[in-house]
Amino acid sequence: PGVPIAQGTTIESATLEVVIKTDPAPSGTVWGRWYGDDKDDGPAWSSGSNPYNHVTNTTAYTQVSKGAGTSGAVVSHDVTDIVQELLDREGWISGNAMRFAAKTDAGTNGLVVFYDYSSDPTKSAKLIINYTPVVEEGRFFPFF
C-alpha cells in the first residue's frame, strides 16, 4: 500500500518490524542488510525465482540481525535513513509504495526467513514512520 507522506518530509524515525519464520543462525548474528527499493513507487513483489534480486538498492541500508528471538519473534530494524532517501527522490509523491529487501552478505551462514502478507497476514511486516507534517506557508484557511 501507499505511504501518504509528502516528498521531502523530514523523517524523525522509521522502524521496520518483521516476524521471524525460520532462523538457524546463532542469536545476535548479523547476516545481511535491509535495503529499500530505489524507485519512486515500489512495484508489488512478483513470484518466481529470487524476486529480491530485482531490487535496485538504496544507498542507505541497515543491518539485518536475528536479535534475541527465535521463530515467531518480532524483530525491529531502524530504517529511518532508507525511508528518508526514498522520500527525497525527485519523483516521490505522497501515496507511492515503498518496498524493502533483506539481502545476505557474502560469507554468512544461515538464512533468516520473515513472514510476509501472503504467508500469514497477521504476521506480515509493519513499517512505522514518525514525522512532522509539512505546513505550507502562505496558505490562508478562512473560517466562518
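Applying the side-chain contact (heavy atoms from CB on, under 4.5 Å) test between F100 and each of V83, T58, V55, V18 identifies V83 as the sole match.
Applying the ring-ring contact (aromatic ring centres under 6.0 Å, His included) test to Y61 and every residue at least two apart in sequence or in another chain returns Y35. With sequence neighbours left out, the side chain to side chain donor-acceptor pair (under 3.5 Å) criterion links S76 to no other residue. The side chain to side chain contact (heavy atoms under 4.5 Å, CB included) search around S124 returns Y117, not counting sequence neighbours. Among residues two or more places apart in sequence or in another chain, the side chain to side chain contact (heavy atoms under 4.5 Å, CB included) test is passed with D41 by N96, A97. For D38, the salt bridge (charged side-chain N to carboxylate O under 4.0 Å, His left out) partners two or more places apart in sequence, or in a different chain, are R89.
For the atom pair Y131 OH and I5 CD1, the distance stands at 4.5 Å (nearest 0.5 Å). Atoms NE2 and CD, from H77 and E17 in turn, are 11.0 Å apart once rounded to the nearest 0.5 Å. For the atom pair CG (D37) and CG (L86), the distance works out to 8.0 Å, reported to the nearest 0.5 Å. Separating the CD1 atom in I129 from the CG atom in L87 is a distance of 6.5 Å, to the nearest 0.5 Å.
Residue G8 comes nearest to D88 through the heavy atom pair CA-OD1, 3.7 Å, listed as atom of the first residue, atom of the second, then distance. Among all heavy-atom pairs drawn from A125 and L16, the shortest one is CB-CD1, 4.2 Å.
For the side chain to side chain donor-acceptor pair (under 3.5 Å) condition, the pairs that include at least one residue of residues 2-12, sequence neighbours left out, are E12-T132.
In this structure, the side chain of Q84 engages the main chain of I11 through a donor-acceptor pair within 3.5 Å. For the pair E85 (side chain) and T59 (backbone), a donor-acceptor distance under 3.5 Å is present. Counting only distance, with no hydrogens or angles, the side chain of T62 and the backbone of D78 share a donor-acceptor pair below 3.5 Å.
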